[in-house]
Amino acid sequence: MKYLKQFFIILAVSFAGEVLKYIISLPIPASIYGLVIMLFLLGTKILSLECVRETGLFLVEIMPVMFIPAAVGLMDAWGELKPMLLSFSVITLFVTVLVMVCGGHAAQFIIRHDRRKEAKKESDKEKVQ
């Protein structure tokens, strides 16, 4: 029953993203609206992480299975994709490196920010003593 409740919460947030896309009508996918809504709910503690943790982990674990139909579809369209293979390969390589670099810089920024925050807390504690 717990998993059904958690899945319903995730589904409700996804539905809210669909509704928001219909209302706002920007060229942004409804799933992005849903992710932003979920981030807002979790960040403001309106929704605790424990309310969706197990089902969210399950959905992330089975995510690779969801790519199988897309891969089969690509195999069916091999004739149309073959002339563009070099372009796709170069773009994929470039974007992969770009994402890795941006992700690394973002992680380093967050780690440095957390270290500065902890160092400031320690210095404030030392001043009090």
Side chains of residues 84-97: which donor-acceptor pairs under 3.5 Å do they make with residues two or more places apart or in other chains?
unit_1: Ser89; atom_1: OG; unit_2: Leu85; atom_2: O; d: 2.8
unit_1: Thr92; atom_1: OG1; unit_2: Phe88; atom_2: O; d: 2.7
unit_1: Thr96; atom_1: OG1; unit_2: Thr92; atom_2: O; d: 2.7

Check whether Ser123 reaches the backbone of Lys120 with its side chain - one donor and one acceptor, N or O, closer than 3.5 Å.
yes

Quick check: is Phe58 connected to Ile10 through a chain of hydrophobic side chains (ILVMFWY, heavy atoms under 4.5 Å apart)?
yes

Write out all pairs satisfying side-chain hydrogen bond (donor to acceptor under 3.5 Å, both in side chains) with one or both partners inside residues 99-118, taking only residues at least two apart or from two chains.
none

Distance-only donor-acceptor hits, side chain of residues 16-44, under 3.5 Å, sequence neighbours excluded:
unit_1: Lys21; atom_1: NZ; unit_2: Leu26; atom_2: O; d: 3.3
unit_1: Thr44; atom_1: OG1; unit_2: Phe40; atom_2: O; d: 2.7

Contacts of type side-chain hydrogen bond (donor to acceptor under 3.5 Å, both in side chains), residue Ser14, not counting sequence neighbours
none

Listed once per pair and sorted, the salt bridge (Lys or Arg N to Asp or Glu O under 4.0 Å) pairs that draw on residues 67-86, sequence neighbours left out
none

Restricting to pairs with a member in residues 42-56, which pass salt bridge (Lys or Arg N to Asp or Glu O under 4.0 Å), not counting sequence neighbours?
Lys2-Glu54, Glu50-Arg53

